[in-house]
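What follows is a set of notes on a single structure, which appears directly below.
FYI, the numbering just counts along the sequence from 1. Heavy atoms only: backbone and side chains are in, while hydrogens, waters and symmetry mates are out.
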Amino acid sequence: MMTRTVDATQELAAFLRTRRERLDPLDFGLPSRRRSRRTPGLRREEVAELAGVSVDYVVRLEQARGLRPSADVVEALAGALRLAPDERAYLFDLTRQRPRDADLPATAAAPPLARLVADLSPLPAMLMNHRYDVLAWNAEMAELILDFGTLPPSQRNAMWLCLMHPEMREFYVDRERVVREGVAHLRAAWAAHPEDRALTGLISEITTHNEEFARLWAQQDVKVNGRGHKVLRHPDVGEIAVHFEVLMPLQDTDQRLMICRAADDMSRSGLDRLCAAARPTGLAP
C-alpha cells in the first residue's frame, strides 16, 4: 500500500517516459527501424525535436534531475507527446504551471449544464463564469432576482447588475457585505486570469462609474465565496433569506453553478409563491 506523498519530480520523469514509450513512430511519419529500436515508442531525440528543446533537456527531465520546465516548454512537450486533455492537465499539475488556456473564460453555457440548470427547478439556479457573467438561468432564478433575458448580453453580469442596475440598488438587505464579498471574489478571479481583457474592462468600467466599488477594490481584499447566506428585498413577496451554494463542474471548470434554497419557513413560503409564478420556459437561450 502506498503511504508516501507524491514526489512530483520522480512522477514527472516516469510520466514522460511512459507517454513517450507508448507512441508509434509510424504515427509521426518516422520509420519504425524495429531492429534498431531497443525500446518501444519514440526516441528521446525525436521527442526533443518535436518539442523544440535539446535532447539533454529531455534526458534530464526523464532522469528526475530537478528541472522545472516553463509553461511554454510544458505545452510543447504535451503537444509532442500527443497528450489527451486530462493527461495534459496532469502534466501541468506535476510541473506546477498553469496551462495557457486556463485563462480562457466560458462565454456560453455548456449544453449539459444548461439542461441541469433547468432540471433543478423549483430551486433557483444559474450558471456563471469566473467574472460573474450569467450564462444560463431557470425561471425560478429569473423570478427571484430579475429576468436576465430582458437585458442585453453585455449587462448579464451579476457584479455589474448589483452595482449599476437601478433596480438592484436596494435589493440586498446587507448590501455592504454582499458587495464587499463580491469585490473580493472578483479580485481573486482577476489575479487568476490576468490575460482576460473583458474582466479587466469590466473592473475598469465599474471602478470609473461606481465609487463604492472603487473604494472596496482599493482595499485589496481577496475571498472566494463558495457558499453563504443572503437576505433579499423582493418587490412582490418581501424579504427572502436564501442559502446559496456554488459548484464547479470537473468537465467545464470555468463555469459555476449557483443554487439557492430558502433559509427559513417564511422565506420558503415566499419562494414557493415565486416558483408558482415562474414561467416554464425560463432557461436562458
If you count every heavy atom of other residues, nucleotides or ligands that lies below 6.0 Å from W190 atom CH2, does the total exceed 12? no
How are the rings of H130 and H193 set to each other: parallel, tilted or perpendicular (split at 30° and 60°)? parallel
Give a yes or no on this: more than 12 heavy atoms of other residues, nucleotides or ligands lie within 6.0 Å of atom CZ of R197. no
About how many Å separate OG of S54 and CD of E45, when rounded to the nearest 0.5 Å? 12.0 Å
Does atom CZ of R227 have more than 12 heavy-atom neighbours from other groups under 6.0 Å away? no
Residues D254 and R256 bridged, charged N to O under 4.0 Å: yes
Quick check for you: to the nearest 0.5 Å, what is the distance between R68 atom CZ and T9 atom OG1? 10.5 Å
Using a 6.0 Å cut-off, check whether atom CD of E170 has over 12 heavy atoms from anything other than its own residue. no
Between Q219 and R180, is the side chain to side chain contact (heavy atoms under 4.5 Å, CB included) condition met? List the steps. CA-CA 10 Å; Q219 294 177 13; R180 180 180 295 278; 2.8 Å; yes
Between E211 and R215, does at least one N-O distance fall below 4.0 Å, as a salt bridge requires? no
Do other residues, nucleotides or ligands put more than 12 heavy atoms under 6.0 Å from the CD atom of E181? yes
Establish, for the pair R82 and F28, whether the NZ or CZ atom is under 6.0 angstrom from the six-membered ring centre and no further than 45 degrees off its axis. yes
Assess whether atom CE of M248 is packed by more than 12 heavy atoms of other residues, nucleotides or ligands within 6.0 Å. yes
Checking L146 against M168 for the side chain to side chain contact (heavy atoms under 4.5 Å, CB included) test, could you report, in this order, the C-alpha distance in whole Å, the side-chain angles of both residues, the deciding distance, and whether it holds? CA-CA 9 Å; L146 54 77; M168 300 293 291; 3.8 Å; yes
Can you measure from CZ (R233) to CD1 (I240) and round to the nearest 0.5 angstrom? 13.0 Å
Does R261 have more than 12 heavy atoms from other residues, nucleotides or ligands lying within 6.0 Å of its CZ? no
Quick one: sort the W160 and H165 rings into parallel, tilted or perpendicular, breaks at 30° and 60°. perpendicular
Are D272 and R268 ion-paired here, with the side-chain N under 4.0 Å from a carboxylate O? no
